[in-house]
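Only one structure is covered here, and it is reproduced in the block below.
Basis for what follows: all heavy atoms, side chains included, without hydrogens, waters or symmetry-related copies.
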Amino acid sequence: MTWMVPLPVLLPLLSAGASLALGRHPRVARAIALSALSLSLAVAIALIVVVDSHALALDLGSWAAPVGITLVVDRFSALMLTISLAVTLCVLIYSSAQGVADEDEGAPVAVFYPTFLVLSAGVSNAFLSGDLFNLYVGFEILLAASFVLITLGGSRDRIRSGTIYVVVSLVSSVLFLLSIALIYAAVGTVSFAHLSDRLQGLDPSFRTVIHLSLLAAFGIKAAIFPLSAWLPDSYPTAPAPVTAVFAGLLTKVGVYAIIRTETLLFPGGELDTLLAYLALLTMVVGIIGAIAQNDLKRMLSFTLVSHIGFMVWGISTNSQAGLAAAVFYVVHHITVQTALFLVAGLVERYGGTTSLVRLGSLAHAIPFCATLYLLPALNLAGIPPFTGFVGKLGLLSAAAARGSALDYLLITGALVTSLLTLYAVVKAWNMAFWQQAEEALDEAELPLQMRGAATALVALTLVLTIGSGRLVQYTEAAAANLRQPGYYVAAVLPDGQRGQGISPDVTESDNPDSGTSPATTDEIEEGEDD
């Protein structure tokens, strides 16, 4: 089954070239883009089923780690791959009717579809990367595409916000690249599988420097306070579909990288206290910014920053329960935040603005849109029985199990943040949908395809709520794998290389050919077996 591993990257990249070549035929380009993401999603669903029993690793060109490029799929990466492609497909369907694909937006279709596919390929590559440099390449692919998407239309506001986004992203990329150079100079490899062991042999102070530099680079990408000031100024000015996919995915790639490095490269938890305080500040500062906003997109941008803090909180617990809750919350937040931004796009399309002061009476004019907003908004606030409540309950339970003063401080901060989130989203609903508009709105028509895509994504949040029990089980299994570096290492390194950089968690008894199970009792399938 390893032949399927690179397809979520290859299909969008190849289709991007085809759609660019056929840019003068928008319908054909649109069909190619939709087909590529649909096939990629089907592959991701197949992978999430396969890796529920064993991890997959593929050495590209038959060059094994640490020399070649290795793509690895475990439960965590498969889950992230599936949910990201599902969200990306919904946004693409939405955008083909409105947003950056609208003629009145001035966005050339010939550029949009190839760029959007390249963005999807970069996200998928980041989730599948088996080494730090390929992860860097994935970041650069998605960032290069995002630079184009965020400035589509060429308006002054978009160019200004795009410039901020570009500068901040380049700073993050340079810091990440310098960290990679330090690591390679110190241990001679950038392979995750080898680094899980070799980094432990470094001088503790030097290892901490590397750890902090990687955390800073990923913290910028994930918009963790105090490295988050760029996000509320960059996202709201972009076209609605672009803002939606950015909000749902780009920050989560940074969170993914933090989870992967904290569990695989630096499993000791030496920065857990720092992460806990950053989580608390991100939650509180972000939501304070949200309640002060009178623009729907800016309010949602600040809630995006705030709820990144919940994910970092789960990472900081350094426990399987906390990590499982963090992974669950990532999945929840990708779907809910993207759905909210798509609904904001519907509001902007109909009323011509997202200013809450100018909007009003939309519950009477477009009642279905009021429902589409309210359901994910309540989910984001953590109202039972939605996934937001399940994820927060898991985080609260993990923190309470440890029971330190810092844990109870975080619990208090999380509860206050949830209440303020409820206040912010209900205030926005009241101003946009319930109160009387002070002046007549534009009342533009909402294409059926737009409404259908937004409805499908809101429906996905409800499906996850209904299946939250199964999702909790899956994220717990994913967290168990993450807490055992030997599971990942054994999937990547052939038996003959086990002693050259393997985690001490993996021994000869973990050999999948020896008749015994690895550390996590799951079967390991190496790429060369296929």
Side-chain angles (χ1 to χ4, degrees), residues 1 3-23 25-51 56 71 73 77-101 109-128 138 141-142 145 149 240-242 244-246 248-250 252-253 331 334-335 338-339 341-342 345 447-464 467:
M1 299 294 288
W3 61 271
M4 296 195 316
V5 174
L7 292 182
V9 179
L10 290 178
L11 287 174
L13 282 180
L14 295 175
S15 300
S19 62
L20 182 61
L22 298 170
H25 306 279
R27 292 185 179 180
V28 178
R30 182 184 305 119
I32 291 173
L34 291 172
S35 299
L37 290 186
S38 298
L39 288 174
S40 298
L41 177 59
V43 171
I45 293 172
L47 287 173
I48 206 172
V49 173
V50 171
V51 300
L56 295 175
L71 301 180
V73 189
S77 56
L79 180 62
M80 295 293 292
L81 194 66
T82 302
I83 202 67
S84 66
L85 285 168
V87 165
T88 304
L89 180 59
C90 286
V91 174
L92 183 62
I93 295 171
Y94 181 102
S95 65
S96 64
Q98 195 263 342
V100 292
V109 176
V111 172
F112 172 70
Y113 287 119
T115 309
F116 195 87
L117 289 170
V118 170
L119 178 75
S120 176
V123 172
S124 297
N125 185 69
F127 291 150
L128 295 173
I141 291 174
L142 67 91
L149 292 174
V242 173
V245 77
F246 281 19
L249 294 181
L250 296 196
K252 308 313 180 300
V253 177
V331 174
I334 287 175
T335 55
T338 307
F341 272 103
L342 288 187
L448 178 62
Q449 191 173 336
M450 273 181 61
R451 290 179 288 164
T455 302
L457 197 49
V458 173
L460 178 58
T461 66
L462 298 179
V463 169
L464 291 177

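You'll find the side chain of Ser40 stays beyond 4.5 Å of the side chain of Ser124, heavy atoms only. Two residues are said to be in side-chain contact when any heavy atoms from C-beta on lie closer than 4.5 Å; Leu41 and Leu37 fail this criterion. Side-chain contact between Leu250 and Leu119 is present, with heavy atoms from C-beta onward closer than 4.5 Å. Two residues are said to be in side-chain contact when any heavy atoms from C-beta on lie closer than 4.5 Å; Phe341 and Val91 fail this criterion. Phe112 is listed as a side-chain neighbour of Leu92, based on a closest heavy-atom distance under 4.5 Å. In this structure, Cys90 and Thr338 have side chains that are not in contact, with every pair of non-hydrogen atoms separated by 4.5 Å or more. Contact check for Leu47 versus Leu7: no side-chain heavy atoms found under the 4.5 Å cut-off. A heavy-atom distance below 4.5 Å is found between the side chains of Val253 and Phe127.
The shortest non-hydrogen separation linking Val118 to Ile141 is O-CG2, 3.5 Å. For Lys252 against Met80, the heavy-atom pair with the smallest separation is O-CE, 4.2 Å. Closest approach of Tyr94 and Leu342 over heavy atoms only: OH-O, 2.9 Å. Across Leu457 and Thr335, no two heavy atoms sit closer than the pair CG-O, 4.1 Å. Nearest approach of Val111 to Thr115, heavy atoms of both residues: O-OG1, 2.6 Å. Between Ile32 and Ala18 the shortest heavy-atom distance is CD1-CB, 4.1 Å.
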Applying side chain to side chain contact (heavy atoms under 4.5 Å, CB included) to Val73 and Leu81, what does each step give before you reach the verdict?
CA-CA 9 Å; Val73 189; Leu81 194 66; 5.6 Å; no
Apply the test side chain to side chain contact (heavy atoms under 4.5 Å, CB included) to residues Thr88 and Phe116: give CA-CA distance (whole Å), side-chain angles for both, the deciding distance (0.1 Å), then the verdict.
CA-CA 9 Å; Thr88 304; Phe116 195 87; 3.2 Å; yes
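Taking OH of Tyr113 as the start and OG of Ser96 as the end, the distance is 4.5 Å to the nearest 0.5 Å. We find the CG-CG distance between Leu71 and Asn125 to be 6.5 Å, quoted to the nearest 0.5 Å. If you take CG on Leu89 and OG on Ser84, they are separated by 11.0 Å, rounding to the nearest 0.5 Å. Here the CG-CG distance, from Leu249 to Leu142, works out to 9.5 Å after rounding to the nearest 0.5 Å.
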